[in-house]
Novice: 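Here's a structure for you.
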Amino acid sequence: MAKAKTAAVAESTNGKAVSLRPIRRQRVRCTIVGVSPLIQHQWSEKAREMMRDKHAGKKTKTREVRDPKAEGESAAYRTADGKYGVPAMAVKAAVLGAAHKDLGVEKTLVRKALFIVCKDAGGVLPMDCDEPEIREDTVRVGAGAADLRYRPYFYRWSVRIDWELDAELLQVEDLLNLIDRAGFGVGIGEWRPEKGGEFGRFEVDRTAGVDVS
């Protein structure tokens, strides 16, 4: 029985042995630079704990005096060593959001042919940025109720990213163009174009160089 299965796998429909070429991997290192401010809103551990208590049916504490600066700083993403950063998956999600079959690059192809190399334990890519401004914004929560949010605004920001791709499925220039499309119309962070805003837009900084290996 095992021999029969092996024979079936080894032969194609025309009776010849199947020959599958190895993956041709390429590393592409480029920098994305923000063309509009980046707003972040990571849930703090305190906020997560309150949600856990609510879902568990525990009585939540009464509203405490708020500390805008502390709230804003806790809403920023940081690497394991404390640097400001952006989640690697947020960048890849933006690139996936820009892919479309009408452009000749389908989401399913990009999903299996492209990965971000990130060594940070939390999956956060370090940013080159200035200290953020902590902004106060009015937001709508629940059934039309209003509340205040304190979040970091990064006016100057860029990220150096290492990509790993299957060069048989995705070309380097296609990747760079796809990143530009993602930065133009999808974005990352709060109030990005994908969500009706204009923040978190970016483009490939070609002056910083693109390394291919």
Novice: Taking C-beta and beyond as the side chain, do Leu96 and Arg111 meet within less than 4.5 Å on heavy atoms?
Specialist: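 The answer is yes; the side chains approach within 4.5 Å.
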Novice: How far apart are the closest heavy atoms of Cys118 and Ala88, and which atoms are they?
Specialist: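 Between these two residues, the closest heavy atoms are CB-CB, 4.2 Å.
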Novice: Taking the six-membered ring for Trp, are Phe199 and Trp191 parallel (under 30°), tilted (30 to 60°) or perpendicular (over 60°)?
Specialist: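 Rings of Phe199 and Trp191: tilted, 30 to 60°.
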Novice: Of Val105, Val186, Leu114, which is the lone residue that meets side-chain contact (heavy atoms from CB on, under 4.5 Å) with Val95?
Specialist: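 Of Val105, Val186, Leu114, side-chain contact (heavy atoms from CB on, under 4.5 Å) with Val95 is met by Leu114 alone.
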Novice: Are there more than 12 heavy atoms of other residues, nucleotides or ligands under 6.0 Å from atom OH of Tyr155?
Specialist: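 It does: Tyr155 OH has more than 12 such atoms within range.
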Novice: Nearest 0.5 angstrom please: Phe115 CZ to Asp162 CG, how far?
Specialist: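 Separation between the atoms: 15.0 Å.
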Novice: Would you sort out whether Met127 and Val86 count as a side chain to side chain contact (heavy atoms under 4.5 Å, CB included), showing the intermediate values?
Specialist: CA-CA 7 Å; Met127 279 197 297; Val86 298; 3.7 Å; yes
Novice: Side chains of Val159 and Val91: does their closest heavy-atom pair fall under 4.5 Å?
Specialist: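 Of all side-chain heavy-atom pairs linking Val91 with Val159, none is under 4.5 Å.
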Novice: Look at the side chain of Thr138 and the backbone N and O of Leu148, then say whether any donor-acceptor pair between them is shorter than 3.5 Å.
Specialist: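 No; judged by distance alone, with no hydrogens or angles, the pair does not exist.
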Novice: Is there a path of hydrophobic side-chain contacts, each under 4.5 Å between heavy atoms of I, L, V, M, F, W or Y residues, that connects Val210 with Leu165?
Specialist: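 Same cluster.
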Novice: To the nearest 0.5 Å, how far apart are CD in Glu106 and NZ in Lys112?
Specialist: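 So the gap between those two atoms works out to 9.0 Å.
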Novice: Using side-chain heavy atoms (C-beta onward) and a distance below 4.5 Å, is Ile134 in contact with Pro152?
Specialist: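 Yes. Closest side-chain heavy atoms under 4.5 Å.
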Novice: If the condition is side-chain contact (heavy atoms from CB on, under 4.5 Å), which residues does Glu173 pass it with, not counting sequence neighbours?
Specialist: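 Partners of Glu173 by the side-chain contact (heavy atoms from CB on, under 4.5 Å) criterion, ordered by chain and then number, come out as Leu176, Asn177, Arg206.
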Novice: Nearest 0.5 Å, please: how far is CD1 in Ile161 from NZ in Lys92?
Specialist: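 That separation rounds to 12.5 Å.
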Novice: Between Asp128 and Arg160, is there a side-chain heavy-atom distance shorter than 4.5 Å?
Specialist: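 Arg160 vs Asp128: side chains apart.
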Novice: Take Glu168 and Ile23 through the side chain to side chain contact (heavy atoms under 4.5 Å, CB included) test and state the conclusion after the steps.
Specialist: CA-CA 7 Å; Glu168 295 287 344; Ile23 297 174; over 6 Å; no
Novice: Taking atom CD of Glu136 and atom CZ of Arg149, what is their separation to the nearest 0.5 Å?
Specialist: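 CZ of Arg149 is found 11.5 Å from CD of Glu136.
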Novice: Once you round to the nearest 0.5 Å, how far does CZ of Arg156 lie from CG of Asp130?
Specialist: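 So the CZ of Arg156 and the CG of Asp130 are separated by 4.0 Å.
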Novice: Is it true that Lys83 and Asp120 have a side-chain N and a carboxylate O under 4.0 angstrom from each other?
Specialist: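 No, this pair does not count.
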Novice: If I compare all heavy atoms of Tyr84 with all of Glu131, which pair ends up nearest, and what's the gap?
Specialist: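 In terms of heavy atoms, the two residues are closest at OH-OE1, 3.3 Å.
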Novice: Please answer: with hydrophobic residues joined when any side-chain heavy atoms are less than 4.5 Å apart, are Leu175 and Val212 in the same cluster?
Specialist: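 Leu175 and Val212: one cluster.
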Novice: State, to 0.1 Å, how close Val110 and Ala99 come at their nearest heavy-atom pair, and which atoms those are.
Specialist: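 Minimum heavy-atom separation between Val110 and Ala99: CG2-CB, 3.9 Å.
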Novice: Please identify each residue that fulfils side chain to side chain donor-acceptor pair (under 3.5 Å) with Lys101, with sequence neighbours left out.
Specialist: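 Per chain and number, Lys101 pairs via side chain to side chain donor-acceptor pair (under 3.5 Å) with no residue.
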Novice: Give me the atom names and distance for the closest heavy-atom approach of Gln171 to Ala167.
Specialist: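 That closest heavy-atom pairing would be NE2-O, 3.0 Å.
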Novice: Check the pair Leu125, Ile116 against side chain to side chain contact (heavy atoms under 4.5 Å, CB included), reporting the backbone distance first and the verdict last.
Specialist: CA-CA 10 Å; Leu125 300 167; Ile116 292 178; 4.2 Å; yes
Novice: After noting the C-alpha distance and the side-chain angles of Tyr150 and Arg135, does the key distance pass the side-chain hydrogen bond (donor to acceptor under 3.5 Å, both in side chains) rule?
Specialist: CA-CA 6 Å; Tyr150 299 98; Arg135 290 277 300 269; over 6 Å; no
Novice: Compare all side-chain heavy atoms of Arg27 with those of Trp163 and state whether any distance is below 4.5 angstrom.
Specialist: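 The answer is no; the side chains never approach within 4.5 Å.
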Novice: Is it true that a side-chain atom of Gln42 and a backbone atom of Ala76 form a donor plus acceptor pair closer than 3.5 Å?
Specialist: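 Flag set: sc Gln42 to bb Ala76 pair under 3.5 Å.
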Novice: Can you name the closest pair of heavy atoms from Arg201 and Ser36 and give their distance?
Specialist: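 For Arg201 and Ser36, the tightest heavy-atom pair comes out as N-OG, 2.9 Å.
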Novice: Is there a side-chain contact between Ile179 and Cys30 (heavy atoms, below 4.5 Å)?
Specialist: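 Answer yes - side chains close enough.
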Novice: Would the number of heavy atoms belonging to other residues, nucleotides or ligands and lying under 6.0 Å from CD of Glu164 be above 12?
Specialist: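 Counting neighbours around CD of Glu164, more than 12 heavy atoms of other residues, nucleotides or ligands fall under 6.0 Å, so yes.
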Novice: Shortest non-hydrogen contact from Ala90 to Ile188?
Specialist: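 The pair with the smallest heavy-atom distance is O-CG2, 3.6 Å.
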Novice: Are Asp67 and Lys69 ion-paired here, with the side-chain N under 4.0 Å from a carboxylate O?
Specialist: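 Salt bridge absent between Asp67 and Lys69.
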Novice: Are Arg151 and Asp137 within salt-bridge range, i.e. N to O under 4.0 Å?
Specialist: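 Salt bridge: yes.
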Novice: Find the distance between NZ (Lys119) and OG1 (Thr79) and round it off to the nearest 0.5 Å.
Specialist: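 Interatomic distance, Lys119 NZ to Thr79 OG1, rounded to 0.5 Å: 14.0 Å.
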Novice: Assess whether atom CZ of Arg181 is packed by more than 12 heavy atoms of other residues, nucleotides or ligands within 6.0 Å.
Specialist: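 No, not enclosed.
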Novice: I'd like to know if the side chain of Glu190 reaches the main chain of Ile39, judged simply by a donor and an acceptor atom lying under 3.5 Å from each other, with no hydrogens or angles considered.
Specialist: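 Not confirmed, Glu190 side chain does not pair with Ile39 backbone.
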